[in-house]
Visitor: 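Okay, handing you the structure first.
Lettering of chains follows the sequences in order, A, B, ..., and the numbering in each one begins at 1.
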Amino acid sequence: MQYLTGFKDIQAVISKYSQTKILWIDTEIADYQTSKPRLSLIQVLDKPTQMGIDAAETERVSILDVLEKSEIIDEFIEKIIFNPDIEKVFHNASYDLRFLGNRQAQNVSCTLEMAKSIPYYLLPVPNFKLETLAEQLCHLSAVDKTQQGSDWGIRPLSRKQLHYAKMDPVYLARVHHRLLQLKQLANPDPVKEDLSALMIRYRQLEHQWKQIDTEINHIKNRIKAAMAAQEVSETAGFKLSSSKRTTKKAAFEQLAKLTQTLGIELDLPVTLTKAVQKQLGEAIEQLSLEEEVSTNWRLSIQELEDEDLPF
DNA sequence: AAGCCCACGCGACAAGACTA
DNA sequence: TAGTCTTGTCGCGTGGGCTT
């Protein structure tokens, strides 16, 4: 790890990184709970090794101390964040980007978004914190998050803080690597799919799924009814709440007249249902219609006879 | 605490398939 | 032909997760 505080050193490293294809980046923010949060550190990792958290990998991390160095931050944003040729990987990118150029950022990947897009059965984790993904997806143990909320505005930073700061991009890169694998698994080419294998798998799951699905809905409804009947609104993670909504409706003719007399512009499309179309008849030609054709593919699945069950 | 983003539940609809 | 079933969509509000 190199911990850089000097302008020249940081500039040199920025210019080095501006030549790479992909960077794994994390930040630490001071005074995050106030209205004036300050960017404290930018941690950057390039080209991590594939296997193991070895010294070589963690030593690659650069920690850029940018507290109160807005010119340097701007330079980082200009040369790295706005550069579309460099892929920048963050966990929860929208948070870090608030301090790094916001929406103007180019070529950004977010491991949080990636993780959320993968179906639960492929990534069965209780949440998508970086810590959890590092531990459960990459089997890294002893992920220490105790420094996360520490004071990043003080100097000098403690050894613990710097250690924490350098580990995050390492975890990030490992998580990112595994997520790319899962993403491939989750997005097979439809042309190359093994249809019969898929259908067998479907039949295998169908039976179990029906049992579980019906039971879970049944239990939900019973809990709902029981909580209502016993006047329990909250218990052990179950909360019963009700909400009201009012929908207002008016006769179309009345609405049309009213808006005309009041001169209110109501420019909204009205769906002409089959019934309305029929009532209009030929007169429909007088309207300038906006037609939308969509094709929906429907999968209908026949019940299997008992003897055909593949299990 | 702040800000962003998304999943979820829900009601209301639409419309094709099916059925008597 | 009318009614039912199934599937899908939409908007809206809520609630929760993620980062420091």
Visitor: Does A:His91 put a side-chain nitrogen or oxygen below 4.0 Å from OP1 or OP2 of C:dT19?
Guide: yes
Visitor: Would you find more than 12 non-hydrogen atoms of other residues, nucleotides or ligands less than 6.0 Å from A:Lys16 atom NZ?
Guide: yes
Visitor: Check the pair A:Tyr164 / A:Ser150 against side-chain hydrogen bond (donor to acceptor under 3.5 Å, both in side chains), numbers first and verdict last.
Guide: CA-CA 11 Å; A:Tyr164 167 81; A:Ser150 65; over 6 Å; no
Visitor: Tell me: OH of A:Tyr95 to C1' of B:dC6, nearest whole Å?
Guide: 19 Å
Visitor: Between the two end axes of the helix from B:dA1-C:dT20 to B:dA20-C:dT1, each built from 5 base pairs, what angle do you get to the nearest 10°?
Guide: 40°
Visitor: Within this structure, what is the CG-to-P distance between A:Asn92 and C:dG16, rounded to whole angstrom?
Guide: 18 Å
Visitor: Find the distance A:Leu39:CG to B:dA2:P and express it as a whole number of Å.
Guide: 20 Å
Visitor: Atom CD of A:Gln33 and atom P of B:dA1: how far apart are they, to the nearest Å?
Guide: 10 Å
Visitor: Whole angstrom is fine here: how far is it from CG in A:Asn102 over to C1' in B:dG3?
Guide: 11 Å
Visitor: Can I get a per-line list of side-chain donor-acceptor pairs under 3.5 Å for residues 99-106 of chain A, giving both atom names and the distance, sequence neighbours left out?
Guide:
unit_1: A:Gln106; atom_1: NE2; unit_2: A:Gln104; atom_2: O; d: 3.2

Visitor: Any salt bridge linking A:Asp26 with A:Lys166? Criterion: basic side-chain nitrogen under 4.0 Å from a carboxylate oxygen.
Guide: no
Visitor: Would you indicate, yes or no, if B:dG3 has its OP1 or OP2 atom less than 4.0 angstrom from a side-chain nitrogen or oxygen of A:Arg103?
Guide: no
Visitor: Are more than 12 heavy atoms from other residues, nucleotides or ligands located less than 6.0 Å from atom NZ of A:Lys129?
Guide: no
Visitor: Please list residues of residues 111-139 of chain A whose heavy atoms come under 4.0 Å from any atom in DNA chain C, ordered by number; otherwise none.
Guide: A:Leu112, A:Asn127, A:Phe128, A:Lys129, A:Leu130
Visitor: To the nearest angstrom, how far is A:Ile29 atom CD1 from B:dA1 atom P?
Guide: 19 Å
Visitor: Give A:Thr27 one of three labels, base, sugar-phosphate or nothing, depending on what nucleic acid heavy atoms sit under 4.0 Å from its own.
Guide: sugar-phosphate
Visitor: Any chance the side chains of A:His91 and A:Thr111 put a donor and an acceptor closer than 3.5 Å?
Guide: yes
Visitor: Can a side-chain donor-acceptor contact be found between A:Asp65 and A:Tyr3 if the only test is distance below 3.5 angstrom?
Guide: yes
Visitor: Strictly by modelled atom types, are A:Ser70 and A:Arg38 linked by a side-chain donor-acceptor pair under 3.5 Å?
Guide: no
Visitor: Whole-Å distance between C:dT19 C1' and A:Leu172 CG?
Guide: 13 Å
Visitor: Could you point out which residue of A:Val89, A:Leu130, A:Leu112 forms a side chain to side chain contact (heavy atoms under 4.5 Å, CB included) with A:Val175?
Guide: A:Leu130
Visitor: Tell me: CG of A:Asp151 to C1' of B:dA1, nearest whole Å?
Guide: 16 Å
